[in-house]
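Only a predicted model underlies this, so the values are computations on that prediction, with no experimental measurement involved. These values consider heavy atoms only, across backbone and side chains, with no hydrogens, waters or symmetry-generated copies. Proteins come first, then strands; the chains are lettered A, B, ... in the order of their sequence lines, and each starts at number 1.
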Amino acid sequence: MKPSIPKGTRDFSSTEVAKRNFIFSTIKHSFENFGFQPIETPSFENSSTLMGKYGEEGDRLIFKILNSGDYLKKVDESLLSEKDSQKVTSKISEKALRYDLTVPFARYVVQHQNDITFPFKRYQIQPVWRADRPQKGRFREFYQCDADVVGSKSLWQEVEFVQLYDTVFSKLGLQGTTIKLNNRKILSGIAEVIGAKDKLIDFTVALDKLDKIGKDGVVTEMLAKGISQEAIDKVDPLFSFTGTNEDKLASLKGMLESSEEGMNGVEELSFIVNAISELGLISANLDIDVTLARGLNYYTGAIYEVAAPKEVKMGSIGGGGRYDDLTGIFGLKDVSGVGISFGLDRIYLVMEELGLFETVELPKPKVLFLNFDENESLAKVKAIKALREANIKSELYPDVATSNKQQKKQWKYVTNREIELVVTSVNDDKFTIKNMQTGDQNLLTVNEIIDLVN
RNA sequence: GUGGUUGUAGCUCAGUUGGUUAGAGCGCCGGAUUGUGGUUCCGGAGGUCGUCGGUUCGAGACCGAUCUUCCACCCCA
C-alpha cells in the first residue's frame with residue numbers, strides 16, 4: 001500500500017511547524033494583550049448545531065460523520081429507494097465536523113450563559129474542516145484564529161478589531177495589508193434606495209464581484225437577477241468608488257439620504273474611520289469598500305475583510321463582522337456580537353512568498369556533542385545537563401562512533417542540521433568546542449561555553 | 001457541485017510518430033581521498049511507469065473509469 005493522506009490535508013515538517021508556531025504565538029499574544037480569553041470547543045458538533053447556519057452552500061461543505069452501529073437498519077426502505085442523499089444523510093449522520101469557530105462559539109455562549117460574565121471576550125485557535133475542492137490557499141483542514149466579543153453594542157469594539165488586525169500583521173512583519181471595511185446597513189440602504197430590498201442578497205453578491213468581472217459583468221448579473229436598469233443607474237457612483245475614506249463617506253451620505261438604515265451605516269463607518277485616523281495604524285491600511293459583501297448571512301453591521309499585500313495573489317487572509325443576533329438561533333435573544341478571524345494557513349503562504357520567516361528560530365541544538373568515545377559520554381552528558389539548565393539547547397549524538405566511517409556520519413549530521421557549535425572531546429573539565437562557521441577551535445570549561453553562547 | 005490540469009526511482013524531472021534488459025541529477029548505502037565535517041573520484045541499491053479496465057502482435061506512451069495534484073468558477077480563511 002502506498003502511504004497517502006486525504007485530499008486537501010497536509011503533513012507539516014518540523015521547520016514548517018516552527019514557522020506556524022511563530023504565527024500562532026504572535027496571534028495568541030496579541031489576543032491576550034487585547035484582553036481576550038481562550039476557550040476550546042469539540043472538533044465535532046451535533047449536526048443540528050451546524051446545519052442551516054451557513055446557507056445552502058455551507059451545508060454542502062460540512063463534513064458529516066457517519067453514525068456508529070448498523071445505521072442503515074434504522075432507515076426506511078422507501079427513503080432509501082428515493083435515493084435523496086440529503087434526506088438519507090440526516091438519518092444516518094447526527095454529528096459533523098466543525099465548519100468554523102463562530103457558530104460553535106454562539107452555541108457555547110448560550111449553553112454557558114449563566115457562567116459567563118458579559119461582555120465576554122473570547123479567543124479560539126483551532127482547526128476547522130470543509131469539504132471544499134482544494135486549490136491555492138484553500139484546504140479541507142485549516143486553522144482559524146478567532147477573537148469575538150459578545151454582549152456589547154459599543155462601536156469601540158469595531159475600532160479595537162481594526163487595531164488588533166493592524167497589531168498582529170505588523171508584529172508578523174507583514175507590511176501593507178489592507179483592512180477592508182463595509183457595513184451591512186449600507187448595503188441594505190442601497191438596496192432600499194433603488195427599490196430592490198427583496199433582492200439584497202443577489203445585489204450584494206453581484207456587487208462583490210466588481211473587481212473580478214468589472215462593471216459590465218456586474219450590471220449583466222444584476223439584470224439577470226431581475227434588478228431594473230433604472231435602479232442600477234441610481235447607484236452608478238458605486239462602480240467607480242474611489243478617493244479617501246472621507247470622500248467615500250460623503251458620497252454615500254448623498255446617495256443614502258432617503259434611507260434611515262443606510263444613514264445609520266454611514267454614521268457607524270464614520271465613527272470607526274474617525275477613531276482610527278485619531279489612533280493611527282502601524283502598517284495596515286483601512287479602506288472602505290462598498291463592494292465587500294461576504295457570504296455569511298448573519299452579519300448585521302460592520303463587515304471586515306483583510307487583503308494580503310498587493311504583490312501576493314491570495315484570497316482574503318482574515319474576515320469578520322458584527323452580528324446582532326447570532327445566539328438567537330440557540331435561544332438567547334438580543335446579545336450582540338462582533339468578531340474577526342485570522343486565516344493562519346493563508347497568512348503562512350503569504351509570509352513564505354514574501355520571505356518573512358528568516359527570523360524564525362528552527363528547532364535544532366545550539367551545541368552538539370559528538371560521540372566518539374564511550375569513556376567521555378558521562379562527562380558530556382553532565383555538561384549537557386548544565387547547558388540545558390542555562391537554557392541552551394544541546395544534545396549528545398546518540399550512537400558512539402566505533403569507526404572512521406561512523407565519525408564521518410556524525411559530521412555529516414552536523415552539516416545537514418546546520419549546527420553552529422560542536423564539542424568533540426573532553427580533557428578533565430575542558431571541552432574541545434568548534435565553531436562550524438569560522439572553523440575556530442577552543443578548549444573551554446562548561447561555564448565558559450555558557451558565556452560563549454550568551 | 002462545474003470546467004481544465006497533473007501523476008515515471010526517497011526528491012526534482014527526461015523518456016522522441018506505441019517496439020527489445022525504463023534514464024539523469026540530487027539524496028541514500030559502500031569504497032578511496034580529506035588532520036575532525038562541508039571537496040573530489042569510483043562503485044551500488046532502489047521503479048508491477050497512480051490504480052483498474054480496454055485498444056494492439058506489442059503501451060510509460062493511445063482510449064475509458066477512478067483516485068491524486070495544481071488551477072479557474074462557485075464559495076470562502
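We find that A:Glu352 and A:Lys19 are joined by a salt bridge, their nearest charged nitrogen and carboxylate oxygen being less than 4.0 Å apart. Using a 4.0 Å cut-off between a side-chain N of Lys or Arg and a carboxylate O of Asp or Glu, A:Asp324 and A:Lys153 do not qualify as a salt bridge. By the 4.0 Å N-to-carboxylate-O rule, A:Glu45 lies close enough to A:Arg107 to be salt-bridged with it. Using a cutoff of 4.0 Å between basic side-chain nitrogens and carboxylate oxygens, A:Asp132 and A:Arg138 are scored as salt-bridged. Ion pairing between a basic and an acidic side chain is recognised when a charged N comes within 4.0 Å of a carboxylate O; A:Asp440 and A:Lys434 show no such pairing.
For A:Thr415, whose side chain is taken as the heavy atoms from C-beta onward, the closest listed nucleotide among B:G38, B:A77, B:A72 is B:G38. Which of B:G37, B:A77, B:C75 sits closest to the side chain of A:Met436 comes down to B:G37. Of the candidate nucleotides B:G37, B:U69, B:G1, B:G37 has the atom lying nearest to any side-chain atom of A:Trp411. Taking the side chain of A:Arg133 as heavy atoms from C-beta on, and the options B:G37, B:A77, B:C71, the nearest nucleotide is B:C71.
A:Tyr299 places its OH atom 11 Å from the C1' atom of B:C76, with the value rounded to the nearest Å. Whole-Å rounding puts the A:Lys7 NZ to B:U6 P distance at 17 Å. A:Met314 places its CE atom 9 Å from the P atom of B:C71, with the value rounded to the nearest Å. Atom CD1 of A:Ile27 is separated from atom C1' of B:A77 by 11 Å (rounded to the nearest Å). Between A:Tyr165 atom OH and B:A77 atom P the separation is 9 Å, expressed in whole Å. Atom pair A:Trp129:CH2 and B:A77:P shows a separation of 16 Å (rounding to whole Å applied). Note: CD1 (A:Ile419) to P (B:G37) measures 16 Å, nearest angstrom. Whole-Å rounding puts the A:Leu368 CG to B:G37 P distance at 16 Å.
Comparing the same atom, P, in B:G38 and in B:U34 gives a spacing of 12 Å after rounding to whole Å. When the P atom is compared between B:G10 and B:G47, the two are found 8 Å apart, to the nearest whole Å. Taking atom P on both B:C26 and B:A22, the two are 22 Å apart, rounded to the nearest angstrom. Taking the C1' atom of each, B:U69 and B:C11 are spaced 16 Å apart, rounded to whole Å. Taking atom P on both B:A14 and B:A9, the two are 12 Å apart, rounded to the nearest angstrom. B:U33 and B:C49 have their P atoms separated by 41 Å, given to the nearest Å. Comparing B:U21 with B:A65, their P atoms are spaced 31 Å from each other, to the whole Å. On the P atoms, B:A32 is 41 Å away from B:U16, given to the nearest whole Å.
B:C26 is paired with B:G10 under the Watson-Crick or G-U wobble criterion, all donor-acceptor distances under 3.5 Å. Pair assignment for B:G60 gives none, since no Watson-Crick or G-U wobble pairing has each distance under 3.5 Å. Remark: B:U16 base-pairs with no nucleotide; criterion is Watson-Crick or G-U wobble with both hydrogen-bond distances under 3.5 Å.
A sub-4.0 Å separation between OP1 or OP2 of B:A72 and a side-chain N or O of A:Lys313 is present. When the side-chain nitrogen and oxygen atoms of A:Gln135 are compared with OP1 and OP2 of B:C71, none of them lie within a distance under 4.0 Å. For B:C71, the OP1/OP2 oxygens have no side-chain nitrogen or oxygen of A:Lys136 closer than 4.0 Å.
Annotation: of the two residues near RNA chain B, A:Thr438 and A:Gly8, the 5′-most nearest-nucleotide partner is A:Thr438. Ranked by how close their nearest RNA chain B nucleotide is to the 5' end, A:Leu61 and A:Pro134 are led by A:Pro134.
Applying the side chain to side chain contact (heavy atoms under 4.5 Å, CB included) test to A:Ser341 and every residue at least two apart in sequence or in another chain returns A:Gln144, A:Asp146. Contacts of A:Phe44 classified as side chain to side chain contact (heavy atoms under 4.5 Å, CB included), with partners at least two apart in sequence or in another chain: A:Ile65, A:Lys95, A:Leu97.
Checked by atom type, the side-chain pair A:Gln124/A:Thr41 shows a donor-acceptor distance below 3.5 Å. A donor-acceptor contact closer than 3.5 angstrom is absent between the side chains of A:Asn183 and A:Tyr299. Between the side chains of A:Thr445 and A:Asn447, no donor N or O sits under 3.5 Å from an acceptor N or O.
Nucleic acid contact for A:Phe139: base, since at least one base atom lies under 4.0 Å from a heavy atom of the residue. A:Val423 comes within 4.0 angstrom of nothing in the nucleic acid, heavy atoms only. Using a 4.0 Å heavy-atom criterion, one finds that A:Gly58 contacts no nucleic acid atom at all.
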Nucleotide by nucleotide, 5' to 3', does protein get under 4.0 Å of the base (B), only the sugar-phosphate (S), or neither (-) in nucleotides 28-35 of chain B, counting heavy atoms? S-SS-B--
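Stacking between A:Phe342 and B:A77 is absent: the aromatic ring centre is not both under 5.5 angstrom from the base six-membered ring centre and within 30 degrees in plane angle.
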